[in-house]
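Start at 1 and go down the list; that is how both ligands and their atoms are numbered. Just so it is clear, the model here is predicted, and its values are computed rather than measured. Only this structure's heavy atoms are used, side chains among them; waters, hydrogens and symmetry mates stay out.
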Amino acid sequence: MKIEGKEYRTIWFEKKVVKIIDQTKLPHQFVVKELKTVKDAINAIKTMEVRGAPLIGATAAYGIVLAIQNNNDQQFIKKSSEDLIQSRPTAINLKWAVDRMMKKLSGINSDQILDIALNEAKEICSEDEKFCKNIGINGLKIIEEIYSKKKDTVNILTHCNAGWLATINWGTATSPIYHAHKKGIPVHVWVDETRPRNQGANLTSYELNEEEIPNTIIADNTGGILMQRGDIDMCIVGTDRTLSNGDVCNKIGTYLKALAAHDNNVPFYVALPSSTIDWDIKDAKNIPIEERNSDELSYVEGIDENNQVKKVLIYPKKSNAMNLAFDVTPAKYVTGLITERGISEASSNGLKELFKK
Ligand code: MRU
(Lines give C-alpha, C1' and ligand atoms only; values in the text may rest on other atoms or scores of the structure.)
Protein backbone atom coordinates (compact mmCIF):
# COMPACT_ATOMS: atom_id res chain seq x y z
CA MET A 1 0.00 0.00 0.00
CA LYS A 2 1.04 3.60 -0.34
CA ILE A 3 2.99 6.07 1.81
CA GLU A 4 3.36 9.48 0.18
CA GLY A 5 2.36 7.87 -3.12
CA LYS A 6 5.08 5.18 -2.97
CA GLU A 7 4.19 1.47 -2.67
CA TYR A 8 5.56 -0.31 0.40
CA ARG A 9 5.33 -3.66 2.10
CA THR A 10 5.80 -3.70 5.87
CA ILE A 11 8.83 -6.02 5.88
CA TRP A 12 11.35 -7.08 3.27
CA PHE A 13 14.77 -8.71 2.96
CA GLU A 14 17.56 -6.89 1.17
CA LYS A 15 21.30 -7.60 1.08
CA LYS A 16 21.33 -9.88 4.14
CA VAL A 17 19.29 -7.40 6.18
CA VAL A 18 15.61 -7.36 7.17
CA LYS A 19 13.97 -3.98 6.67
CA ILE A 20 10.94 -2.81 8.61
CA ILE A 21 8.89 0.35 8.90
CA ASP A 22 9.44 1.44 12.53
CA GLN A 23 5.88 1.80 13.80
CA THR A 24 6.91 3.45 17.06
CA LYS A 25 7.89 6.52 15.01
CA LEU A 26 4.60 6.86 13.09
CA PRO A 27 2.71 9.03 12.31
CA HIS A 28 5.15 11.90 12.76
CA GLN A 29 8.27 10.28 11.32
CA PHE A 30 8.66 7.63 8.61
CA VAL A 31 11.72 5.53 9.43
CA VAL A 32 12.87 2.32 7.75
CA LYS A 33 14.91 0.31 10.23
CA GLU A 34 17.38 -2.51 9.58
CA LEU A 35 17.36 -5.74 11.58
CA LYS A 36 20.68 -7.59 11.35
CA THR A 37 20.50 -10.20 14.09
CA VAL A 38 17.88 -12.37 15.75
CA LYS A 39 18.25 -10.13 18.81
CA ASP A 40 17.26 -7.16 16.65
CA ALA A 41 14.16 -9.07 15.50
CA ILE A 42 13.21 -9.97 19.09
CA ASN A 43 13.72 -6.39 20.19
CA ALA A 44 11.61 -5.05 17.31
CA ILE A 45 8.73 -7.32 18.34
CA LYS A 46 9.05 -6.54 22.07
CA THR A 47 9.22 -2.79 21.63
CA MET A 48 6.46 -2.87 18.99
CA GLU A 49 8.55 -1.38 16.20
CA VAL A 50 6.68 -4.15 14.41
CA ARG A 51 3.27 -5.13 15.71
CA GLY A 52 0.01 -6.71 14.60
CA ALA A 53 -0.41 -10.49 14.66
CA PRO A 54 0.57 -11.40 11.05
CA LEU A 55 3.50 -8.97 10.97
CA ILE A 56 5.07 -10.22 14.19
CA GLY A 57 4.76 -13.76 12.76
CA ALA A 58 6.58 -12.66 9.60
CA THR A 59 9.25 -10.85 11.64
CA ALA A 60 9.83 -13.97 13.72
CA ALA A 61 10.22 -16.02 10.52
CA TYR A 62 12.87 -13.57 9.31
CA GLY A 63 14.35 -13.68 12.82
CA ILE A 64 15.13 -17.37 12.24
CA VAL A 65 16.82 -16.42 8.95
CA LEU A 66 18.94 -13.83 10.75
CA ALA A 67 19.86 -16.37 13.44
CA ILE A 68 21.05 -18.87 10.81
CA GLN A 69 22.93 -16.20 8.91
CA ASN A 70 24.83 -15.42 12.10
CA ASN A 71 25.38 -18.96 13.39
CA ASN A 72 23.87 -22.11 11.86
CA ASP A 73 24.54 -24.31 14.88
CA GLN A 74 21.36 -26.33 15.61
CA GLN A 75 21.32 -25.42 19.30
CA PHE A 76 21.59 -21.71 18.58
CA ILE A 77 18.75 -21.92 16.04
CA LYS A 78 16.55 -23.79 18.53
CA LYS A 79 17.26 -21.31 21.35
CA SER A 80 16.57 -18.41 18.97
CA SER A 81 13.24 -19.96 18.00
CA GLU A 82 12.27 -20.24 21.68
CA ASP A 83 13.27 -16.66 22.40
CA LEU A 84 11.28 -15.43 19.40
CA ILE A 85 8.15 -17.25 20.59
CA GLN A 86 8.57 -15.63 24.03
CA SER A 87 8.88 -12.11 22.64
CA ARG A 88 5.12 -11.39 22.84
CA PRO A 89 2.55 -13.73 24.38
CA THR A 90 -0.89 -13.18 22.89
CA ALA A 91 -0.79 -13.30 19.09
CA ILE A 92 -0.71 -16.94 17.99
CA ASN A 93 0.83 -16.02 14.61
CA LEU A 94 4.20 -15.70 16.32
CA LYS A 95 4.32 -19.35 17.41
CA TRP A 96 2.61 -20.45 14.19
CA ALA A 97 5.34 -18.84 12.05
CA VAL A 98 8.26 -20.09 14.18
CA ASP A 99 6.84 -23.64 14.28
CA ARG A 100 6.36 -23.57 10.50
CA MET A 101 9.97 -22.43 9.99
CA MET A 102 11.38 -25.05 12.37
CA LYS A 103 9.35 -27.83 10.74
CA LYS A 104 10.65 -26.82 7.32
CA LEU A 105 14.24 -26.77 8.60
CA SER A 106 14.19 -30.03 10.49
CA GLY A 107 16.76 -32.49 9.08
CA ILE A 108 18.17 -29.96 6.59
CA ASN A 109 21.97 -29.90 6.34
CA SER A 110 23.99 -26.78 7.02
CA ASP A 111 24.81 -26.03 3.32
CA GLN A 112 21.20 -25.57 2.38
CA ILE A 113 19.62 -24.33 5.58
CA LEU A 114 19.95 -20.58 4.97
CA ASP A 115 18.40 -20.68 1.48
CA ILE A 116 15.55 -22.87 2.65
CA ALA A 117 14.86 -20.63 5.66
CA LEU A 118 14.88 -17.49 3.53
CA ASN A 119 12.50 -19.02 0.97
CA GLU A 120 10.11 -20.12 3.70
CA ALA A 121 10.11 -16.68 5.39
CA LYS A 122 9.38 -15.07 2.01
CA GLU A 123 6.64 -17.64 1.41
CA ILE A 124 5.02 -16.79 4.78
CA CYS A 125 4.95 -13.14 3.69
CA SER A 126 3.56 -13.84 0.19
CA GLU A 127 0.93 -16.11 1.64
CA ASP A 128 -0.15 -13.48 4.17
CA GLU A 129 -0.43 -10.91 1.40
CA LYS A 130 -2.55 -13.30 -0.70
CA PHE A 131 -4.75 -14.24 2.27
CA CYS A 132 -5.32 -10.61 3.26
CA LYS A 133 -6.29 -9.80 -0.34
CA ASN A 134 -8.81 -12.66 -0.26
CA ILE A 135 -10.18 -11.41 3.08
CA GLY A 136 -10.81 -8.13 1.27
CA ILE A 137 -12.58 -9.79 -1.65
CA ASN A 138 -14.76 -11.79 0.75
CA GLY A 139 -15.52 -8.89 3.09
CA LEU A 140 -16.32 -6.59 0.17
CA LYS A 141 -19.56 -8.54 -0.35
CA ILE A 142 -20.83 -7.42 3.07
CA ILE A 143 -20.07 -3.76 2.35
CA GLU A 144 -21.67 -4.06 -1.11
CA GLU A 145 -24.81 -5.50 0.46
CA ILE A 146 -25.09 -2.63 2.97
CA TYR A 147 -24.46 -0.09 0.19
CA SER A 148 -27.05 -1.60 -2.13
CA LYS A 149 -29.71 -1.16 0.61
CA LYS A 150 -28.52 2.17 1.98
CA LYS A 151 -27.40 3.83 -1.26
CA ASP A 152 -25.25 6.17 0.78
CA THR A 153 -21.81 6.18 2.42
CA VAL A 154 -21.12 3.02 4.43
CA ASN A 155 -19.83 3.92 7.92
CA ILE A 156 -17.49 1.33 9.36
CA LEU A 157 -15.98 1.33 12.84
CA THR A 158 -12.62 -0.31 13.48
CA HIS A 159 -10.49 -0.72 16.60
CA CYS A 160 -6.70 -0.73 16.97
CA ASN A 161 -4.74 -1.22 13.76
CA ALA A 162 -5.61 -4.30 11.75
CA GLY A 163 -4.51 -2.46 8.65
CA TRP A 164 -1.76 -3.17 6.16
CA LEU A 165 0.83 -1.97 8.69
CA ALA A 166 -0.13 -4.93 10.91
CA THR A 167 0.22 -7.47 8.09
CA ILE A 168 2.38 -7.65 4.97
CA ASN A 169 -0.10 -5.78 2.78
CA TRP A 170 -3.86 -4.95 2.62
CA GLY A 171 -4.49 -5.59 6.33
CA THR A 172 -7.27 -7.80 7.66
CA ALA A 173 -10.03 -5.45 8.92
CA THR A 174 -9.04 -2.78 6.39
CA SER A 175 -8.81 -5.05 3.35
CA PRO A 176 -12.59 -5.09 2.66
CA ILE A 177 -12.52 -1.30 3.11
CA TYR A 178 -9.66 -0.86 0.62
CA HIS A 179 -11.45 -3.15 -1.83
CA ALA A 180 -14.73 -1.23 -1.46
CA HIS A 181 -12.94 2.10 -1.97
CA LYS A 182 -11.19 0.79 -5.10
CA LYS A 183 -14.59 -0.31 -6.44
CA GLY A 184 -15.99 3.18 -5.97
CA ILE A 185 -18.26 2.42 -3.00
CA PRO A 186 -18.30 5.46 -0.68
CA VAL A 187 -16.93 4.40 2.69
CA HIS A 188 -16.10 6.34 5.83
CA VAL A 189 -14.19 4.81 8.73
CA TRP A 190 -14.68 5.63 12.42
CA VAL A 191 -11.24 4.98 13.86
CA ASP A 192 -11.09 4.16 17.57
CA GLU A 193 -8.11 6.01 18.98
CA THR A 194 -7.16 2.80 20.89
CA ARG A 195 -5.55 3.87 24.12
CA PRO A 196 -3.01 3.48 25.49
CA ARG A 197 -0.71 3.16 22.45
CA ASN A 198 -3.12 4.84 20.03
CA GLN A 199 -2.66 2.35 17.19
CA GLY A 200 -5.96 3.56 15.72
CA ALA A 201 -5.01 7.24 15.65
CA ASN A 202 -1.30 6.78 14.91
CA LEU A 203 -1.47 3.94 12.41
CA THR A 204 -4.98 3.20 11.07
CA SER A 205 -5.91 6.81 10.42
CA TYR A 206 -2.42 7.43 8.98
CA GLU A 207 -2.63 4.56 6.52
CA LEU A 208 -6.22 5.38 5.50
CA ASN A 209 -5.17 9.00 4.87
CA GLU A 210 -2.33 7.81 2.64
CA GLU A 211 -4.87 5.79 0.60
CA GLU A 212 -7.28 8.76 0.62
CA ILE A 213 -10.05 6.95 2.48
CA PRO A 214 -12.27 9.29 4.53
CA ASN A 215 -11.88 8.59 8.24
CA THR A 216 -12.51 10.20 11.60
CA ILE A 217 -10.66 9.42 14.83
CA ILE A 218 -12.88 9.03 17.89
CA ALA A 219 -12.09 8.51 21.56
CA ASP A 220 -12.52 4.85 22.46
CA ASN A 221 -15.70 5.50 24.40
CA THR A 222 -17.53 7.21 21.53
CA GLY A 223 -18.57 4.13 19.53
CA GLY A 224 -21.59 3.42 21.75
CA ILE A 225 -23.40 6.68 21.18
CA LEU A 226 -22.60 6.59 17.45
CA MET A 227 -24.22 3.16 17.24
CA GLN A 228 -27.28 4.42 19.15
CA ARG A 229 -27.56 7.29 16.68
CA GLY A 230 -27.39 4.93 13.66
CA ASP A 231 -24.06 6.39 12.54
CA ILE A 232 -22.27 3.04 12.29
CA ASP A 233 -23.37 0.46 9.69
CA MET A 234 -20.90 -2.23 10.68
CA CYS A 235 -17.79 -2.91 12.75
CA ILE A 236 -14.76 -4.80 11.46
CA VAL A 237 -11.85 -5.59 13.75
CA GLY A 238 -8.80 -7.83 13.58
CA THR A 239 -7.69 -10.50 16.04
CA ASP A 240 -4.54 -11.83 17.66
CA ARG A 241 -5.96 -15.26 18.39
CA THR A 242 -9.32 -16.73 17.52
CA LEU A 243 -10.28 -19.99 19.15
CA SER A 244 -11.83 -22.88 17.23
CA ASN A 245 -15.16 -22.10 18.98
CA GLY A 246 -15.15 -18.57 17.51
CA ASP A 247 -14.10 -16.63 20.64
CA VAL A 248 -11.98 -13.67 19.54
CA CYS A 249 -9.00 -12.26 21.40
CA ASN A 250 -8.07 -8.78 20.19
CA LYS A 251 -6.84 -5.39 21.39
CA ILE A 252 -8.24 -4.27 24.73
CA GLY A 253 -11.62 -2.59 24.27
CA THR A 254 -12.81 -4.82 21.42
CA TYR A 255 -15.17 -6.65 23.79
CA LEU A 256 -16.92 -3.43 24.90
CA LYS A 257 -17.40 -2.43 21.26
CA ALA A 258 -18.89 -5.84 20.48
CA LEU A 259 -21.32 -5.48 23.41
CA ALA A 260 -22.44 -2.07 22.17
CA ALA A 261 -22.81 -3.45 18.64
CA HIS A 262 -24.94 -6.34 19.93
CA ASP A 263 -27.19 -3.97 21.89
CA ASN A 264 -27.72 -1.82 18.80
CA ASN A 265 -28.04 -4.54 16.14
CA VAL A 266 -24.89 -3.36 14.40
CA PRO A 267 -23.11 -6.25 12.61
CA PHE A 268 -19.77 -6.99 14.26
CA TYR A 269 -17.28 -8.79 12.00
CA VAL A 270 -13.78 -10.07 12.72
CA ALA A 271 -11.30 -10.40 9.85
CA LEU A 272 -8.47 -12.91 10.08
CA PRO A 273 -6.13 -15.13 8.12
CA SER A 274 -6.10 -18.81 9.15
CA SER A 275 -2.66 -18.30 10.78
CA THR A 276 -4.55 -16.50 13.60
CA ILE A 277 -6.71 -19.49 14.52
CA ASP A 278 -5.63 -21.36 17.63
CA TRP A 279 -6.93 -24.90 17.13
CA ASP A 280 -5.47 -26.10 20.47
CA ILE A 281 -6.72 -23.86 23.29
CA LYS A 282 -10.36 -24.69 23.96
CA ASP A 283 -11.14 -22.25 26.75
CA ALA A 284 -10.60 -18.49 26.38
CA LYS A 285 -9.47 -18.34 30.03
CA ASN A 286 -6.28 -20.09 28.92
CA ILE A 287 -5.28 -17.45 26.37
CA PRO A 288 -2.16 -15.64 27.62
CA ILE A 289 -3.17 -11.98 27.94
CA GLU A 290 -0.24 -9.61 27.68
CA GLU A 291 0.16 -7.06 30.46
CA ARG A 292 2.41 -4.22 29.38
CA ASN A 293 4.29 -1.54 31.28
CA SER A 294 1.91 0.99 32.82
CA ASP A 295 4.12 3.82 31.52
CA GLU A 296 2.29 3.30 28.22
CA LEU A 297 -0.77 4.70 30.01
CA SER A 298 0.78 7.43 32.06
CA TYR A 299 3.10 8.91 29.41
CA VAL A 300 1.94 10.31 26.07
CA GLU A 301 4.16 11.06 23.10
CA GLY A 302 3.52 13.64 20.41
CA ILE A 303 5.10 16.58 18.63
CA ASP A 304 5.38 20.00 20.17
CA GLU A 305 4.95 23.42 18.54
CA ASN A 306 8.51 23.16 17.15
CA ASN A 307 7.79 19.79 15.50
CA GLN A 308 9.97 18.02 18.08
CA VAL A 309 8.87 14.63 19.43
CA LYS A 310 8.13 14.94 23.14
CA LYS A 311 7.01 12.50 25.82
CA VAL A 312 5.00 13.85 28.74
CA LEU A 313 3.57 12.43 31.97
CA ILE A 314 -0.21 12.88 32.14
CA TYR A 315 -1.10 11.03 35.38
CA PRO A 316 -0.58 12.10 38.98
CA LYS A 317 2.94 10.98 39.96
CA LYS A 318 1.61 8.89 42.87
CA SER A 319 -1.14 7.02 40.96
CA ASN A 320 -1.00 3.32 40.15
CA ALA A 321 -1.95 2.25 36.65
CA MET A 322 -2.54 -1.14 35.03
CA ASN A 323 -2.16 -1.97 31.35
CA LEU A 324 -3.81 -5.14 30.01
CA ALA A 325 -3.28 -5.24 26.25
CA PHE A 326 -5.99 -7.64 25.04
CA ASP A 327 -9.48 -8.91 25.84
CA VAL A 328 -11.72 -11.69 24.59
CA THR A 329 -15.03 -11.21 22.79
CA PRO A 330 -17.22 -14.29 23.16
CA ALA A 331 -18.31 -15.83 19.85
CA LYS A 332 -21.98 -15.01 20.56
CA TYR A 333 -21.26 -11.32 19.93
CA VAL A 334 -19.47 -11.90 16.62
CA THR A 335 -21.67 -11.73 13.50
CA GLY A 336 -19.12 -13.53 11.35
CA LEU A 337 -15.46 -14.31 10.71
CA ILE A 338 -14.08 -13.00 7.42
CA THR A 339 -11.24 -15.30 6.36
CA GLU A 340 -9.25 -15.99 3.21
CA ARG A 341 -11.57 -18.92 2.48
CA GLY A 342 -14.85 -17.10 2.96
CA ILE A 343 -17.10 -15.85 5.75
CA SER A 344 -18.00 -18.25 8.52
CA GLU A 345 -20.20 -18.21 11.58
CA ALA A 346 -18.11 -17.65 14.73
CA SER A 347 -18.57 -21.20 16.00
CA SER A 348 -16.89 -24.60 15.96
CA ASN A 349 -19.17 -25.76 13.16
CA GLY A 350 -18.61 -22.62 11.12
CA LEU A 351 -14.83 -22.83 11.31
CA LYS A 352 -14.77 -26.61 10.86
CA GLU A 353 -16.87 -26.31 7.70
CA LEU A 354 -14.60 -23.60 6.25
CA PHE A 355 -11.32 -25.36 7.08
CA LYS A 356 -12.36 -28.96 6.35
CA LYS A 357 -9.14 -29.70 4.50
O1 MRU B 1 -0.69 -4.75 20.50
P2 MRU B 1 -0.84 -4.75 19.02
O3 MRU B 1 -0.81 -3.40 18.41
O4 MRU B 1 0.12 -5.71 18.36
O5 MRU B 1 -2.31 -5.33 18.80
C6 MRU B 1 -2.72 -5.59 17.51
C7 MRU B 1 -4.16 -5.91 17.39
O8 MRU B 1 -4.87 -6.02 18.35
C9 MRU B 1 -4.66 -6.17 16.00
O10 MRU B 1 -6.02 -5.92 15.94
C11 MRU B 1 -4.41 -7.65 15.65
O12 MRU B 1 -3.08 -7.98 15.83
C13 MRU B 1 -4.83 -7.96 14.28
S14 MRU B 1 -3.66 -7.37 13.09
C15 MRU B 1 -4.21 -7.78 11.56
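In this structure, the side chains of Met227 and Asp231 stay at 4.5 Å or more apart for every pair of heavy atoms.
Close N/O approach between Gly52 and ligand 1 is found [any backbone or side-chain N/O within under 3.5 Å]. Checking only distances, His159 never comes within under 3.5 Å of ligand 1, N or O to N or O. Between Lys251 and ligand 1, at least one N/O pair is under 3.5 Å apart.
Ligand 1 lies out of reach of Arg197, whose nearest heavy atom is not under 4.0 Å from it. Heavy-atom distances between Pro54 and ligand 1 reach below 4.0 Å in at least one pair. The shortest separation from a heavy atom of Met48 to ligand 1 is under 4.0 Å, placing the residue in contact. Residue contacts with ligand 1 do not include Leu272, since none of its heavy atoms lies under 4.0 Å from the ligand.
For Thr254, no heavy-atom contact with ligand 1 is shorter than 4.0 Å. For Cys160, every heavy-atom contact with ligand 1 shorter than 4.0 Å involves the side chain, none the backbone.
For atom 9 (C) of ligand 1, the nearest non-hydrogen atom from the set Thr174, Asn250, Val237, Asn93 comes from Asn250.
Proximity of a side-chain donor or acceptor of Asn264 to a complementary backbone N or O of Val266 within less than 3.5 Å is not detected.
Applying the under-4.5 Å side-chain rule to Ile, Leu, Val, Met, Phe, Trp and Tyr, the cluster around Leu259 extends to Tyr255, Leu256, Tyr333.
Remark: Lys2 is not positioned above the aromatic ring of Tyr8, lacking an NZ or CZ atom under 6.0 angstrom from the ring centre and at most 45 degrees off the axis.
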Review item, side-chain donor-acceptor pairs of residues 18-28, under 3.5 Å, at least two apart:
residue : atom : partner : partner atom : Å
Lys19   : NZ   : Glu14   : OE2          : 3.3
Asp22   : OD1  : Thr24   : N            : 2.9
Asp22   : OD1  : Thr24   : OG1          : 2.6
Asp22   : OD2  : Thr24   : OG1          : 3.4
Asp22   : OD2  : Lys25   : NZ           : 3.3
Gln23   : OE1  : Arg51   : NH1          : 2.9
Gln23   : NE2  : Leu165  : O            : 2.6

